[in-house]
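Each chain gets a letter, A, B and so on, in the order the sequences are listed, and its residues count up from 1. Computed from heavy atoms alone, side chains included, the values below leave out hydrogens, waters and symmetry copies.
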Amino acid sequence: MRLSRYFLPTLRENPAEAQIVSHRLMLRAGLVRQSAAGIYSWLPLGLKVLRNIEKIVREEQNRAGAIELLMPTIQSADLWRESGRYEAYGKEMLRITDRHEREMLFGPTNEELITAIVRDSIKTYRDLPRNLYHIQWKFRDEVRPRFGVMRGREFLMKDAYSFDIDKEGARRAYEKMFVAYLRTYARMGLKAIPMAADTGPIGGDMSHEFIILADTGESAVFCHKDLVDYDILGTEVDFDASLTPIIDRWTGLYAATDEKHDAARFDAEVPADKQIAARGIEVGHIFYFGTKYSKPMGAVVAGPNGESIELEMGSYGIGVSRLMGAIIEASHDDAGIVWPESVAPFKLGLVNLKAGDAAVDAASAKLYAALEAAGVETLYDDTDERAGAKFATMDLIGLPWQVHVGPRGVARGVAEIKNRKTGERTEVALDEVVARFAAA
RNA sequence: CGGGGCGUAGCUCAGCCUGGUAGAGCGCUUGCUUUGGGAGCAAGAAGUCGCAAGUUCGAAUCUUGUCGCCCCGACCA
């Protein structure tokens with residue numbers, strides 16, 4: 001993409017309304033614009049990142065055997081009356097009346113809808129288990145939206161719902177999602193730590209929040225230091241085999257949010273030098289909730305002996321839009337964002353340091369064409385800004401790699417490659433630049 | 001929902017207390033000079049001062065109401 005033809009409105013100064021770093025950088029780097037409290041437009045660069053995050057989430061859901069569908073944003077109130085949540089959900093639910101005076105709502109979550117779909121379509125235990133998910137916009141009318149997309153009212157969420165005929169099946173479904181979540185966050189360069197969460201009336205040990213350690217996190221968290229170094233991507237995972245050993249490893253060390261925190265147990269189980277007391281951002285939450293919805297909504301299947309079995313369910317959420325803020329919180333410096341390659345909007349930024357200079361223009365254009373041809377996603381800054389301004393913009397938007405093409409280098413047949421994360425710069429011959437990135 | 005703060009040019013803000021021709025920096029446009037880490041000079045465009053009512057000869061400024069946004073707390077299947 002040529003920057004001169006793109007839409008990338010960056011800001012030099014920090015907008016007054018943005019207090020935390022991810023919010024400031026998202027506005028400054030031209031990723032989003034606020035439209036109302038807790039409601040954002042996604043500008044081209046932000047949308048590319050959002051799609052990249054979605055892609056990783058989708059790939060890991062599919063790998064774990066979940067099946068994608070898409071449910072609407074607007075739902076009928078009647079459905080929510082079946083589960084009893086229409087009254088219970090309170091003012092966080094945005095209620096809408098259509099032209100026929102029918103009561104509708106903008107979905108804050110989809111347990112009712114997916115339960116109705118499965119109830120009406122699956123009649124026998126032979127068609128189970130199933131895990132269905134979608135990635136769709138939600139709306140929760142938060143009392144106090146804040147922190148940009150981290151706590152917006154409209155937000156993009158991946159929510160999966162598992163259906164099994166017994167609790168043992170539900171546990172397997174839960175464990176698959178648990179591992180899928182670990183892989184998902186790890187692929188985005190995040191250290192997400194599963195922490196025991198409140199299970200509500202169901203009880204048991206099957207509810208975890210996935211927390212990223214960050215100073216600006218909304219909740220206080222406590223955990224064993226070693227958890228931070230655990231690596232799931234180095235582990236071979238067979239989703240058809242038992243995942244219990246992996247779960248046991250990740251849940252074997254102390255980790256809890258402040259609601260579940262037990263100071264005495266923390267001190268007893270975790271040596272003082274291994275104790276972490278920090279703040280965290282919740283980027284996922286998984287639940288087992290049994291027949292909470294299937295029972296009131298009559299979601300049953302015929303069992304092997306013809307008996308009626310109420311479906312055992314779980315739900316599994318990842319805040320896709322929130323993840324963008326979380327990634328920035330976890331990966332930035334004074335100059336701007338530092339995108340992990342897996343979610344970066346472009347792999348590299350090609351900087352023409354002296355637009356208008358025939359030799360530099362020619363070398364840059366040639367390089368750009370070659371990079372595009374090689375399938376390397378490139379943002380080519382061909383504008384006539386000064387070099388300093390271009391560097392500042394590139395650092396701000398945080399592409400993993402920069403290639404600087406200027407008169408000094410071109411005269412010697414070289415370009416400078418800069419690693420955004422380390423700041424390291426190396427000179428590479430102009431005709432070797434493409435191979436350097438196409439191979440990686 | 002309790003408490004606090006802020007709405008003036010695209011952005012960051014001054015002016016308001018003490019009413020009297022609406023300002024600065026950045027950004028934007030044009031020209032010249034520049035050109036490897038957010039250039040310099042010159043000229044220029046750009047704001048019904050959130051909205052409404054009131055007080056007044058006169059309101060960005062005072063009063064009341066209202067809307068919006070931000071922060072702290074409570075809340076957050």
Base-contact (B) and sugar-phosphate-only (S) positions in nucleotides 33-38 of chain B, heavy-atom cut-off under 4.0 Å, - elsewhere = -BSBBB

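Between A:Phe287 and A:His285, the two ring planes are parallel [angle under 30°; tilted spans 30° to 60°]. In this pair, A:Tyr254 and A:Phe266 present their aromatic rings tilted. The plane angle is within the 30 to 60° band.
Positionally, the nearest nucleotide of RNA chain B for A:Ala36 lies more toward the 5' end than for the other of A:Pro108 and A:Ala36. Both A:Glu218 and A:Ser35 sit near RNA chain B, but only A:Ser35 has its closest nucleotide nearer the 5' end.
A gap of 13 Å separates the P atoms of B:A24 and B:A43, to the nearest Å. For the P atom pair drawn from B:U63 and B:C17, the interatomic distance equals 9 Å after rounding to whole Å. Taking atom P on both nucleotides, B:U61 is separated from B:G19 by 12 Å, rounded to a whole Å. The gap from the C1' atom of B:G25 to that of B:A9 amounts to 12 Å, rounded to the nearest Å. To the nearest whole angstrom, the two C1' atoms, one in B:C51 and one in B:C67, are 7 Å apart. Between B:A74 and B:G38, the two C1' atoms lie 43 Å apart (nearest whole Å). Spacing of P atoms, B:A59 relative to B:G54, comes out at 12 Å, to the nearest Å. On the C1' atoms, B:G7 is 15 Å away from B:G15, given to the nearest whole Å.
Distance A:Glu17 CD to B:C71 P: 9 Å, rounded to the nearest Å. Computed from coordinates, the A:Asn14 CG to B:C26 P distance equals 18 Å when rounded to whole Å. In this structure, the CD atom of A:Glu142 is 15 Å from the P atom of B:C1, given to the nearest Å. Atom P of nucleotide B:C75 and atom CD of A:Glu282 are separated by 15 Å, given to the nearest angstrom. Whole-Å rounding puts the A:Asn110 CG to B:A77 C1' distance at 13 Å. A:Arg153 places its CZ atom 11 Å from the C1' atom of B:C69, with the value rounded to the nearest Å. The separation between A:Arg146 atom CZ and B:C6 atom C1' is 18 Å, rounded to whole Å. If you measure from atom NE2 of A:His23 to atom C1' of B:C71, you get 13 Å, rounded to the nearest angstrom.
As the counterpart of B:C49, no nucleotide is assigned, since no Watson-Crick or G-U wobble pattern has both distances under 3.5 Å. Shown here, B:C62 forms a base pair with B:G54; the pair counts as Watson-Crick or G-U wobble because both key distances fall under 3.5 Å. B:G2: Watson-Crick or G-U partner is B:C72, with both key distances under 3.5 Å. Across all strands shown, B:G31 forms a Watson-Crick or G-U wobble pair, both distances under 3.5 Å, with B:C41. Nucleotide B:A9: unpaired (no Watson-Crick or G-U wobble partner with both distances less than 3.5 Å). When both pairing distances are held under 3.5 Å, B:U21 makes no Watson-Crick or G-U pair with any nucleotide shown.
For A:Gln34, no side-chain nitrogen or oxygen approaches OP1 or OP2 of B:G68 to under 4.0 Å. Within the 4.0 Å cut-off from OP1 or OP2 of B:A74, not a single side-chain nitrogen or oxygen of A:Arg144 is found.
Evaluation of atom-type donor-acceptor distances gives a pair under 3.5 Å for the side chain of A:Glu13 against the base of B:G25.
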Show every donor-acceptor pair shorter than 3.5 Å between a side-chain atom in residues 3-15 of chain A and any protein atom, with sequence neighbours excluded, or say none if there are none.
residue : atom : partner  : partner atom : Å
A:Ser4  : OG   : A:Asp382 : OD1          : 3.1
A:Ser4  : OG   : A:Asp382 : OD2          : 2.7

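Residue A:Lys191 qualifies as enclosed at atom NZ: its count of foreign heavy atoms under 6.0 Å is above 12.
A cation-pi arrangement is present between A:Arg95 and A:Tyr86, with the terminal nitrogen or guanidinium carbon under 6.0 Å from the aromatic centre and inside a 45° cone about the axis.
Between the side chains of A:Glu175 and A:Thr244, at least one donor N or O sits under 3.5 Å from an acceptor N or O. Between the side chains of A:Arg2 and A:Tyr368, no donor-acceptor pair of N or O atoms lies under 3.5 Å. Judged purely by distance below 3.5 Å, without hydrogens or angles, the side chains of A:Glu312 and A:Tyr288 pair a donor atom with an acceptor atom.
Considering only side-chain atoms of A:Thr109, the nucleotide from B:A77, B:G73, B:U12 that sits closest is B:A77.
A:Asn62 meets the side chain to side chain donor-acceptor pair (under 3.5 Å) test with A:Tyr133; sequence neighbours excluded.
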